[in-house]
Enquirer: 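One structure, pasted below without further comment.
Both ligands and their constituent atoms are indexed starting at 1 by order of listing.
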Amino acid sequence: MTGKSDLDVIVVGAGFAGLYMLHRLRGAGFRTRVVEAGGGVGGTWYWNRYPGARCDVESMEYSYSFSNELQQEWEWTERYAGQPEILRYANHVADRFDLRRDITFHTRVAGAVFDEGEKRWLVTTDTGESVSASFVVMATGCLSSANLPDFEGRDSFSGETYHTGRWPPEGVDFAGKRVGIIGTGSSAIQAIPIIAAEAKRLTVFQRTPNYSIPARNKPLDPEYVREIKAEYPELRANNLRMHAGFGSRVHHNDVPASSDDADDREANYAARWQHGGFTFLGAYNDLLRSREANETAAEFVRQRIRDTVQDPGVAELLCPDNVIGCKRPCLDAGYFETYNRANVELVDARERAIERITPNGVVAGGREFELDCIVFATGFDAMTGALLGVDIRGRGGIELKQAWNEGPRTYLGLSTVGFPNLFLITGPGSPSVLTNMIVAIEQHVDWIADCLRDLSREGRATIEATRQAQDDWVAHVNAVAGLTLYPTCNSWYLGKNIPGKPQVFMPLIGFPPYAQMCEQVAANGYEGFDLG
Ligand code: N01
């Protein structure tokens with residue numbers, strides 16, 4: 001790593017957060033280095049190359065807004081961009097803003113220790129290097145620590161194994177193979193139709209059925225692109241006023257489900273189902289607050305599953321019985337239709353739990369399913385996994401793992417008590433995964449860059465959240481979640497997918513009031529922080 005002794009900031013991760021953070025800090029004159037475990041930029045889009053990987057936010061909105069030239073010159077080709085196109089975009093950004101020269105690739109940050117005397121962080125890497133800086137920014141992503149469950153006999157399998165979040169860049173040839181896929185979350189729901197079309201046989205092990213809405217992906221109409229580009233700044237500004245930071249062009253029906261009779265509700269859901277995408281959940285304003293309202297939308301989707309899947313037994317197995325939207329909803333292209341193929345079998349891994357993995361395949365419910373490949377679509381240790389994967393020690397040598405042993409505690413999702421000068425981009429306690437991630441990233445990066453500029457102007461060496469501000473913030477995040485149906489199911493938002501993980505609702509619901517709060521905190525001289 002060059003210039004390692006005189007750095008102002010070390011940024012961990014070169015995904016969308018790390019790239020923009022580097023651009024902003026360099027522009028403000030801070031000596032900055034990004035350390036990235038992968039061999040290239042793009043973060044989640046670098047690692048998640050499984051077949052069918054595609055963004056569930058429309059491409060004209062899932063893109064940076066910080067440079068008008070960039071958003072005018074880049075040409076998206078589809079309504080929802082696929083992984084290869086998004087990775088090309090990340091590489092384009094890295095080249096266009098000449099970012100690579102300050103990124104060290106193939107290097108994982110192993111530890112970071114705060115030296116209270118020097119008021120600097122000493123960062124160590126798995127390549128044996130150490131480097132110090134005044135500030136560390138964790139741009140490690142919310143869904144980057146792959147979850148590979150500890151199935152008995154997992155490593156005894158003699159065939160090939162893959163995790164959707166660690167897909168080999170050269171791709172996988174499934175032709176003629178008997179493939180098993182464990183999991184039916186967003187990743188599996190995108191991969192299953194494509195693997196089924198290629199493999200000799202596909203066996204899907206489903207523990208919990210999932211709601212999925214058709215994406216209705218299509219090539220972008222050049223006229224539509226011209227229209228958006230002509231008013232891009234307005235679109236971005238309108239999106240900042242949206243609950244999740246996107247979707248301002250579609251109609252969010254600001255009335256409860258009970259304001260329509262059953263026929264009108266059905267027509268509303270049907271129109272949104274036909275349109276495709278998350279618009280479906282904008283049908284009424286109480287779908288995530290009232291169980292009764294939610295059930296009307298949930299039953300509409302179950303009915304579509306029953307209409308689509310020919311075998312009634314399989315259709316019932318695919319029908320979820322929890323609250324729709326409580327887990328992150330999935331968008332698909334022909335997912336339920338795939339179960340009509342003769343080469344696809346659905347195994348109920350809730351009733352007939354996965355017992356073990358053998359050299360030949362997977363045993364569930366007493367039956368051995370012989371396989372050539374197993375795909376683990378088992379998700380991530382979300383929001384805290386990547387942060388706690390680094391041995392971070394703050395004041396008095398306190399470990400972040402220890403400080404968070406009952407769940408993550410932050411102020412604004414940006415900072416945590418005991419760890420001065422450490423910033424988290426889209427950390428737990430911020431809207432992050434409940435928004436268009438790029439909007440949340442830009443808001444955090446801008447706030448952090450402005451904060452470092454202000455500290456530098458005022459000659460301040462440290463910034464650290466106060467205990468009171470953090471306690472109040474954690475209570476606020478929980479209180480907001482408690483007003484909704486979000487905490488009612490086994491979601492990764494709550495950490496329920498990882499055995500032993502403390503169960504805390506991690507993201508904050510609602511982007512606009514949050515962004516306003518961050519602005520106020522800064523305007524009030526970094527209220528809730530101690531400046532040293
Ligand atoms: O992971 P998941 P994912 N035995 O956690 C099952 C984003 N994303 O990678 O539900 C058996 O959703 C687990 O079962 P259960 C998006 O935010 C976005 O699919 O815990 N099964 C579940 O079915 C998404 O929410 C996009 O009962 C086990 C599956 O594995 C997030 O990433 C695309 C198991 C994991 O589903 C994560 O999605 C892809 C076990 N021991 C991802 N452990 C788009 O933009 C886990 N499972 C479209």
Side-chain angles (χ1 to χ4, degrees), residues 16 43-45 47-59 61-62 79-83 86 141-152 154 162-167 180-192 204-215 217 244 246 276-278 318 320-322 325-333 335 346-357 362-365 374-383 385 426 432-438 440 489-501 506-507:
F16 280 109
T44 202
W45 302 105
W47 298 105
N48 285 266
R49 300 174 193 231
Y50 60 84
R54 188 175 291 288
C55 190
D56 54 8
V57 173
E58 298 195 22
S59 50
E61 300 179 43
Y62 187 83
R79 177 179 179 188
Y80 296 97
Q83 174 274 332
I86 303 175
C142 296
L143 294 159
S144 44
S145 175
N147 168 40
L148 192 55
D150 193 14
F151 294 111
E152 185 190 327
R154 189 189 70 202
Y162 304 98
H163 189 288
T164 46
R166 289 285 175 279
W167 205 258
I181 185 163
I182 300 179
T184 49
S186 301
S187 303
I189 281 178
Q190 292 185 327
I192 282 169
V204 180
F205 297 90
Q206 169 189 272
R207 188 164 67 180
T208 313
N210 238 322
Y211 294 98
S212 186
I213 298 158
N217 187 37
F246 70 102
F278 288 142
L318 288 166
D321 57 7
N322 53 1
C326 169
K327 284 188 173 190
R328 168 102 169 191
C330 308
L331 301 192
D332 72 278
Y335 172 64
L346 179 66
V347 176
D348 178 4
R350 177 149 58 180
E351 284 297 313
R352 299 194 287 161
I354 295 176
E355 290 159 29
R356 62 186 179 281
I357 292 177
V362 171
V363 178
I374 301 177
V375 175
F376 294 96
T378 43
F380 301 90
D381 182 354
M383 304 203 70
T426 62
S432 58
V433 292
L434 295 177
T435 66
N436 173 354
M437 283 303 293
I438 298 195
C489 65
N490 293 343
S491 68
W492 55 256
Y493 297 138
L494 275 165
K496 284 204 179 181
N497 60 329
I498 304 292
K501 185 165 172 169
M506 293 182 281

Enquirer: Decide whether the shortest distance between a heavy atom of Lys496 and an atom of ligand 1 is less than 4.0 Å.
Expert: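 Checking ligand 1 against Lys496, which is what was asked, there is no heavy-atom contact under 4.0 Å.
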Enquirer: Would you find a donor on one side and an acceptor on the other, under 3.5 Å apart, between the side chain of Asn497 and the backbone of Trp492?
Expert: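 No, Asn497 side chain to Trp492 backbone: no donor-acceptor pair under 3.5 Å.
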Enquirer: Which residue and atom name correspond to the protein heavy atom nearest atom 1 (O) of ligand 1, and how close is it?
Expert: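 Here the closest protein heavy atom is Gly379 CA, 3.1 Å.
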Enquirer: So, does Cys55 sit close enough to ligand 1 that a heavy atom of it is under 4.0 Å from the ligand?
Expert: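 For ligand 1, residue contact (heavy atoms, under 4.0 Å) with Cys55 is present.
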Enquirer: Which bit of Gln190 gets closer than 4.0 Å to ligand 1, counting heavy atoms only: side chain, backbone, both or neither?
Expert: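 Side chain only.
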Enquirer: Is a side-chain N or O of Thr378 found less than 3.5 angstrom from the main chain of Asn147, in a donor-acceptor match?
Expert: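 Checked: pair present.
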Enquirer: Could you tell me, atom by atom, which parts of ligand 1 come under 4.0 Å of a heavy atom of Leu143?
Expert: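 Answer, ordered by atom number: 7 (C), 17 (O), 31 (C), 32 (O).
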Enquirer: What part of Ala53, side chain from CB on, backbone N/CA/C/O, both or neither, has a heavy atom under 4.0 Å from ligand 1?
Expert: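 It is neither; nothing of Ala53 touches ligand 1.
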Enquirer: For Leu318 and Gln206, run side chain to side chain contact (heavy atoms under 4.5 Å, CB included): C-alpha distance rounded to whole Å, both residues' side-chain angles, the deciding distance at 0.1 Å, then the answer.
Expert: CA-CA 9 Å; Leu318 288 166; Gln206 169 189 272; 3.5 Å; yes
Enquirer: I'd like to check which ligand 1 atoms, numbered from 1 as shown, lie under 4.0 Å from a non-hydrogen atom of Gly185.
Expert: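 Taking each heavy atom of Gly185 in turn, ligand 1 has 12 (O), 19 (O), 23 (O), 29 (C), 36 (O) under 4.0 Å.
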Enquirer: Under 4.0 Å from a heavy atom of Thr184: give me the atoms of ligand 1 that qualify, with their elements.
Expert: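 Under 4.0 Å from Thr184, ligand 1 has these atoms: 22 (C), 23 (O), 29 (C).
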Enquirer: Side chain or backbone of Pro149 under 4.0 Å from ligand 1, or both, or neither, by non-hydrogen atoms?
Expert: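 It is the side chain that touches ligand 1; the backbone stays farther off.
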Enquirer: Donor-acceptor pair, Asn490 side chain versus Lys496 backbone, under 3.5 Å?
Expert: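 Side chain of Asn490 to backbone of Lys496: no pair is present.
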Enquirer: Would you indicate which of Ser491, Gly183, Ala81 comes nearest to atom 6 (C) of ligand 1 when only heavy atoms are counted?
Expert: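 Looking at heavy atoms only, the winner is Gly183.
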Enquirer: Main chain of Asn322, side chain of Tyr211: is a donor-acceptor contact present, judged purely on distance under 3.5 Å?
Expert: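 Side chain of Tyr211 to backbone of Asn322, a donor-acceptor pair under 3.5 Å: yes, one is there.
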Enquirer: Asp56 and Arg328: side chain to side chain contact (heavy atoms under 4.5 Å, CB included), yes or no, with the steps?
Expert: CA-CA 11 Å; Asp56 54 8; Arg328 168 102 169 191; 2.9 Å; yes
Enquirer: Where the side chain of Asn436 meets the backbone of Glu61, is there a donor-acceptor pair that is under 3.5 Å apart?
Expert: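 Confirmed, Asn436 side chain pairs with Glu61 backbone.
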Enquirer: Write out the residue and atom name of the closest protein heavy atom to atom 9 (O) of ligand 1, then the distance separating them to 0.1 Å.
Expert: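 It is Ser187 OG, 2.6 Å.
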Enquirer: Does Leu331 come within less than 4.0 Å of ligand 1, judged by its heavy atoms?
Expert: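 Outside the 4.0 Å threshold, so no.
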Enquirer: Which pair of non-hydrogen atoms, one from Met506 and one from Ala382, has the smallest distance, and what is that distance?
Expert: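 Between these two residues, the closest heavy atoms are CE-O, 3.7 Å.
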Enquirer: Evaluating non-hydrogen atoms only, which member of Phe151, Trp492, Tyr493, Phe205 is closest to atom 4 (N) of ligand 1?
Expert: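 Among Phe151, Trp492, Tyr493, Phe205, the closest heavy atom to atom 4 (N) of ligand 1 comes from Phe151.
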Enquirer: With respect to Thr164, determine whether any N or O atom, backbone or side chain, lies less than 3.5 Å from an N or O atom of ligand 1.
Expert: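 No: no nitrogen or oxygen of Thr164 is under 3.5 Å from one in ligand 1.
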Enquirer: What is the closest protein heavy atom to atom 35 (C) of ligand 1, and at what distance does it sit?
Expert: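 Nearest neighbour among protein heavy atoms for atom 35 (C) of ligand 1, to 0.1 Å: Ala377 O, 3.3 Å.
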Enquirer: Test your reading of the model: is there a side-chain donor-acceptor pair from Arg79 to the backbone of Ala215, 3.5 Å cut-off?
Expert: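 Such a contact is found between Arg79 side chain and Ala215 backbone.
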Enquirer: Looking only at N/O atoms, are Trp45 and ligand 1 under 3.5 Å apart anywhere?
Expert: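 There is no such contact.
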Enquirer: Please write down residue, atom name and distance for the protein heavy atom closest to atom 26 (C) of ligand 1.
Expert: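 For atom 26 (C) of ligand 1, the nearest protein heavy atom is Ser186 CB, 4.0 Å.
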Enquirer: Determine, using heavy atoms of Phe376 and all atoms of ligand 1, whether some pair is separated by less than 4.0 Å.
Expert: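 Judged by the 4.0 Å heavy-atom criterion, Phe376 does not count as contacting ligand 1.
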Enquirer: Would you please classify the geometry between the Trp167 ring and the Tyr162 ring as parallel, tilted or perpendicular, with 30° and 60° separating the classes?
Expert: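 If you compare the ring of Tyr162 with that of Trp167, the planes turn out tilted.
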Enquirer: Is there a donor-acceptor contact under 3.5 Å from the side chain of Thr184 to the main chain of Thr208?
Expert: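 Yes: the side chain of Thr184 pairs with the backbone of Thr208.
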Enquirer: Say whether Tyr50, considering both its backbone and side-chain N or O atoms, lies within less than 3.5 Å of an N or O atom on ligand 1.
Expert: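 By distance alone, the answer is no.
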Enquirer: Below 4.0 Å from any atom of ligand 1, is there a heavy atom belonging to Asn490?
Expert: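 No, that is not the case, since the closest heavy atom of the residue is not under 4.0 Å from the ligand.
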Enquirer: Short list, please: which atoms of ligand 1 are under 4.0 Å from a heavy atom of Arg54?
Expert: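 Numbered from 1, ligand 1 contributes 44 (C), 45 (O), 48 (C).
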Enquirer: Would you say Gln83's side chain and Trp45's backbone share a donor-acceptor pair under 3.5 angstrom?
Expert: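 Side chain of Gln83 to backbone of Trp45: a pair is present.
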Enquirer: Do Ile86 and Phe16 come within less than 4.5 Å of each other through their side chains, counting heavy atoms only?
Expert: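 Of all side-chain heavy-atom pairs linking Phe16 with Ile86, at least one is under 4.5 Å.
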Enquirer: Please report whether ligand 1 has a polar contact with Lys327, defined as an N or O pair separated by less than 3.5 Å (distance criterion only).
Expert: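 By distance alone, the answer is yes.
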Enquirer: Do any N/O atoms on Arg207 end up under 3.5 angstrom from N/O atoms on ligand 1?
Expert: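 N/O-N/O distance under 3.5 Å: yes.
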Enquirer: Within the distance-only criterion (no hydrogens, no angle test), does the side chain of Asn217 pair as donor or acceptor with the backbone N or O of Tyr80 below 3.5 angstrom?
Expert: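 Checking the backbone N and O of Tyr80 against the side chain of Asn217, a donor-acceptor pair under 3.5 Å is found.
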Enquirer: Is there at least one pair of N or O atoms, one from Thr208 and one from ligand 1, spaced under 3.5 Å apart?
Expert: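 Yes: some nitrogen or oxygen of Thr208 is under 3.5 Å from one in ligand 1.
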